[in-house]
Amino acid sequence: MGNLYVLLAFAGVGLAACSDGSGPSANSPQFSRQITFPDLQNTLQGLPATGAARAEIELPPTGLVAREVNVEDHEELDDRETVRGQISAATVDAGGSSGTLTLAPGFRVTFTSSTAFETGDDTSLTFQQFVDRVHAALGQSPAVLLGVRAERSPLTPLALGPGDPFPATRLELKPDVERPKLKINVTKANLVAAGDGDCTLAVLGVTPTGCLKVLGVTVGIAAETELKAMNPGVVKAEFEGLVDCAKPIDASSFFLKSGAQVMVDEHTQVEGEGEHGDEHLSLADVKTACAATPAPEIDAEGEGVLVSGSGAAPVIRATEVKFEREVDEEIEAEFTGTIDAIGTDNITVSGRVVIIDANTQIEQEGSGESHITLADLHTGQTVEVKAIVDASGKLLAREIKVGA
């Protein structure tokens, strides 16, 4: 990912507990505190008629009960809203210039031909290429649920209604999205009392203390939900960018190519450690990878407390961070079927057109597998196909095995 952002959210009037950036301190403030659902109710019900609050809502990979809800400071209200999740369904309206994504567990995201579409490696897509890519993934058996990050800006209106979909101005396909996460503005209209509507044990599977209805989904808040609010007098920083492998990396810090220094300690939550270790890197993994020649591109994303902003680049004490190696995204597809038709550079297998190029390996199974060519194929043969889905949604064969 080539772009970088560092968002600073100020709580209160002054910048409290800033240091000289020499390192994390045991006395450095956390940017949030634990609250209860009644506290959340009081906060939202006390907003002015035209006001809102920014909430960060994270859910587990499955289920409707939030893992974490964090009420941010009002300074963040005008920052871009974001929604991340896995695409479980996609439709295009009759006119062919707008559509709707459904993100598990049901969040609705709308898009139009004016939406910016990208892949995780910053490749731009057209409206049709995006739609074809998503439909091709969902059309696999089993379906491939692509991850996506949606953004909304400018924020008009300031807060969406509880049942409104999220109107995306930018959509980025991301293979690393494993759980839904929303950063959106909310008001008292989003509150749902325990026992009302879908805010029930029967729907959520646990007894809720209350709920928030957002993007058409009732999200439960229960005993297992970490409910927090930003502390006054601290500065929250969100960061995302490429790790600078040319600068020192040790057990307590690393640098981004923007120049920002990110401090880590025993309180920093490194996403994926012990859970998705093969997909997400630890800081030690990052240091090892950066020692390679050439050094790989490693993306770092997270949030924390601003320790120092007085220099040319900020120093951030991370409360959470996620490292990922930047790779070209490919959607893989494997299936078995019968050859219906043969073209000059493709075959049709059980209704699916599969492109064959110079990199496609075609093998004849049997006693001693042998390599054959497109010219050796015949309609009616049963084949096993391993392919990738390109940006236009076409199947590009990497391996074809013909049954004996």
Side-chain angles (χ1 to χ4, degrees), residues 1 57-64 66-67 80-152 160 163-184 214-219 271 276 279-280 299 301 322 324 327-335 352 387-395:
M1 177 173 291
I57 304 169
E58 183 175 336
L59 284 82
T62 59
L64 294 166
R67 291 180 51 173
R80 59 186 174 178
E81 292 180 320
T82 61
V83 177
R84 297 187 186 202
Q86 291 186 319
I87 303 172
S88 58
T91 58
V92 177
D93 297 339
S97 60
S98 61
T100 300
L101 302 176
T102 301
L103 310 187
F107 300 116
R108 293 182 299 126
V109 176
T110 57
F111 59 95
T112 69
S113 56
S114 61
T115 301
F117 303 96
E118 295 179 3
T119 64
D121 56 5
D122 291 339
T123 300
S124 295
L125 301 175
T126 66
F127 176 96
Q128 194 58 51
Q129 285 175 331
F130 176 85
V131 170
D132 289 343
R133 191 175 178 88
V134 171
H135 280 167
L138 292 174
Q140 303 309 312
S141 182
V144 176
L145 304 185
L146 296 179
V148 71
R149 173 187 175 132
E151 295 180 3
R152 180 174 89 101
L160 299 169
D164 292 343
F166 187 86
T169 55
R170 179 173 175 266
L171 287 170
E172 178 188 0
L173 293 174
K174 293 181 70 68
D176 59 301
V177 175
E178 294 145 359
R179 58 177 69 99
K181 190 171 185 178
L182 294 71
K183 296 182 181 181
I184 61 174
V214 289
L215 311 185
V217 176
T218 298
V219 175
E271 184 170 340
H276 298 285
E279 299 176 14
H280 299 128
D299 183 67
E301 177 183 350
K322 177 173 68 177
E324 290 184 310
V327 295
D328 292 334
E329 297 179 63
E330 288 186 348
I331 304 172
E332 297 181 351
E334 297 185 19
F335 56 93
R352 299 180 179 182
I388 61 172
V389 183
D390 67 14
S392 65
K394 296 179 180 178
L395 288 169

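Because only heavy atoms are used, hydrogens play no part in the values below, and waters and symmetry mates are left out as well, while side chains stay in.
- With a 4.5 Å cut-off on side-chain heavy atoms, Phe117 and Thr126 do not count as touching.
- Looking at residues two or more places apart in sequence or on another chain, you find a side-chain contact (heavy atoms from CB on, under 4.5 Å) between Ala137 and Val144, Leu146, Ile331.
- At distances below 3.5 Å, not a single donor-acceptor pair connects side-chain atoms of Thr110 with backbone N or O atoms of Pro165.
- Note: Arg67 CZ to Glu58 CD = 5.0 Å, rounded to the nearest 0.5 Å.
- The heavy-atom pair separating Val109 from Ala150 by the smallest distance is CG1-CB, 4.0 Å.
- Residues Gly63 and Leu59 come closest through the heavy atom pair O-CD2, 3.6 Å.
- Inter-residue side-chain proximity for His135 and Arg133 is flagged as unmet; no heavy-atom pair is nearer than 4.5 Å.
- Scanning for side-chain hydrogen bond (donor to acceptor under 3.5 Å, both in side chains) contacts around Arg108 gives an empty result, with sequence neighbours left out.
- Here the side chains of Ile184 and Leu182 are in contact, with some heavy-atom distance below 4.5 Å.
- Residues Arg179 and Pro60 fail the side-chain proximity criterion, which asks for heavy atoms closer than 4.5 Å.
- Salt bridge Glu301/Arg84: present, at least one basic N to carboxylate O contact under 4.0 Å.
- Remark: Thr62 engages no residue in a side-chain hydrogen bond (donor to acceptor under 3.5 Å, both in side chains) (not counting sequence neighbours).
- Distance check: Phe107 CZ to Lys181 NZ gives 13.5 Å after rounding to the nearest 0.5 Å.
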CA sep, side-chain torsions, deciding dist, call: Asp164, Val214, side-chain contact (heavy atoms from CB on, under 4.5 Å): CA-CA 8 Å; Asp164 292 343; Val214 289; over 6 Å; no

Val219/Leu64 under side-chain contact (heavy atoms from CB on, under 4.5 Å): CA gap, chis, key distance, verdict: CA-CA 5 Å; Val219 175; Leu64 294 166; over 6 Å; no

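- Atom-to-atom distance recorded for Thr119:OG1 and Leu125:CG is 5.5 Å, nearest 0.5 angstrom.
- For Ala104, there are no side-chain contact (heavy atoms from CB on, under 4.5 Å) partners two or more places apart in sequence or in a different chain.
- For the atom pair CD1 of Ile388 and CD of Glu334, the computed distance is 12.5 Å after rounding to the nearest 0.5 Å.
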Side-chain donor-acceptor distances from residues 87-100 under 3.5 Å, at least two apart:
| residue | atom | partner | partner atom | Å |
| --- | --- | --- | --- | --- |
| Ser88 | OG | Thr102 | O | 3.1 |
| Asp93 | OD2 | Ser98 | OG | 2.6 |

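- Here the closest heavy-atom approach between residue Glu81 and residue Phe166 is recorded as O-CZ, 3.5 Å.
- Ring orientation note: the planes of Phe111 and Phe127 are tilted relative to one another, at an angle of 30° to 60°.
- Residues forming a side-chain contact (heavy atoms from CB on, under 4.5 Å) with Arg352 (at least two apart in sequence, or on another chain): Gln140, Phe335, Leu395.
- Side-chain contact check for Pro167 versus Leu160: some heavy-atom pair is nearer than 4.5 Å.
- Interatomic distance, Ser114 OG to Arg170 CZ, rounded to the nearest 0.5 Å: 14.5 Å.
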Steps toward side-chain contact (heavy atoms from CB on, under 4.5 Å) verdict (Leu103, Leu101): CA-CA 6 Å; Leu103 310 187; Leu101 302 176; 4.2 Å; yes

Evaluation steps, side-chain contact (heavy atoms from CB on, under 4.5 Å), between Val131 and Gln128: CA-CA 5 Å; Val131 170; Gln128 194 58 51; 4.2 Å; yes

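- Using a 4.0 Å cut-off between charged side-chain N and carboxylate O, Arg80 and Glu151 make a salt bridge.
- Looking only at side-chain heavy atoms (C-beta outward), Lys174 and Val148 stay at 4.5 Å or farther from each other.
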